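See structure below.
Order of the sequence lines sets the chain letters (A, B, ...), proteins ahead of strands, with each chain counted from 1. If you're wondering where the values come from, they're calculated on a predicted model, not measured in any experiment.
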Amino acid sequence: GQQVMQIPQYQHVQEGEDFTTYCNSSTTLSNIQWYKQRPGGHPVFLIQLVKSGEVKKQKRLTFQFGEAKKNSSLHITATQTTDVGTYFCAGFTGGGNKLTFGTGTQLKVEL
Amino acid sequence: DVKVTQSSRYLVKRTGEKVFLECVQDMDHENMFWYRQDPGLGLRLIYFSYDVKMKEKGDIPEGYSVSREKKERFSLILESASTNQTSMYLCASSPRASWGEQYFGPGTRLTVT
């Protein structure tokens, strides 16, 4: 079945440092979504990417969808303590209606 | 504002008990989903429903069943709870099946002893 892996599993950074999480799928995705889950909370949708090579920005967050539509990345510039949480990618395969989530990257930001 | 609610935040059950987890959404969404979340494994889809009385198996349906008698309500049933079903259970809904945002409930932390 489809697998979506994320690396790293954990990342500790100092406030102000950059952070990147990578998402890799075993199959081609029709679109990819990113979610953030704060400690003790539930996943909250951040963004959806659809086109090959697409890049979208939300303030300090930059999302990329790979050319082959099998990988994606989320980059946070100058992390803040409010960025703490677990970031999940999730993708649909072509024609499929099941969203497969990645394994998640837990980000901790230290002052 | 979309709201997805789950019947309990924390639940403790004994092995062999029948367990019902309820989920209600208030945005008239066609699609509803049940996931379980375990450390290092992300969210795994148990079952989903794209219409009343319709259901489809997700990636890990074994040991679970579901019921959707009304559009706004989606129930997850553990017929005979086992310790390996101790987990966080998350319900979600979305207006479209293979596109767009899923809205999650707060989750139910189930412990089976």
Please state whether the side chain, the backbone, both or neither of [X] comes within less than 4.5 Å of a heavy atom of chain A.
X: B/F48; value: side chain
X: B/E56; value: side chain
X: B/L43; value: both

(request) Using non-hydrogen atoms and a 4.5 Å limit, figure out which bit of A/Q106 sits close to chain B: side chain, backbone, both or neither. (result) neither

(message) What part of A/Y35 gets within 4.5 angstrom of chain B, counting heavy atoms only: side chain, backbone, both, or neither?
(response) side chain

(message) Taking every non-hydrogen pair under 4.5 Å, which of B/G107, B/G100, B/P39 racks up the most with chain A?
(response) B/G100

Can you confirm whether the side chains of [X] and [Y] place a donor and an acceptor under 3.5 Å from each other?
X: A/Q33; Y: B/Q102; answer: no
X: A/Q11; Y: A/T21; answer: no
X: A/H75; Y: A/T20; answer: yes

(request) For chain B, find which of A/V50, A/T86, A/T100 contributes the most heavy-atom pairs closer than 4.5 angstrom. (result) A/V50

(message) What I want to find out is whether A/E54 reaches A/K56 closely enough, with some N-O distance under 4.0 Å, to be called a salt bridge.
(response) yes

(request) Please state whether the rings of A/F101 and A/F88 are parallel, tilted or perpendicular, taking 30° and 60° as the class boundaries. (result) perpendicular

(request) To the nearest 0.5 angstrom, please state how far the OH atom of B/Y35 sits from the SG atom of B/C91. (result) 10.0 Å

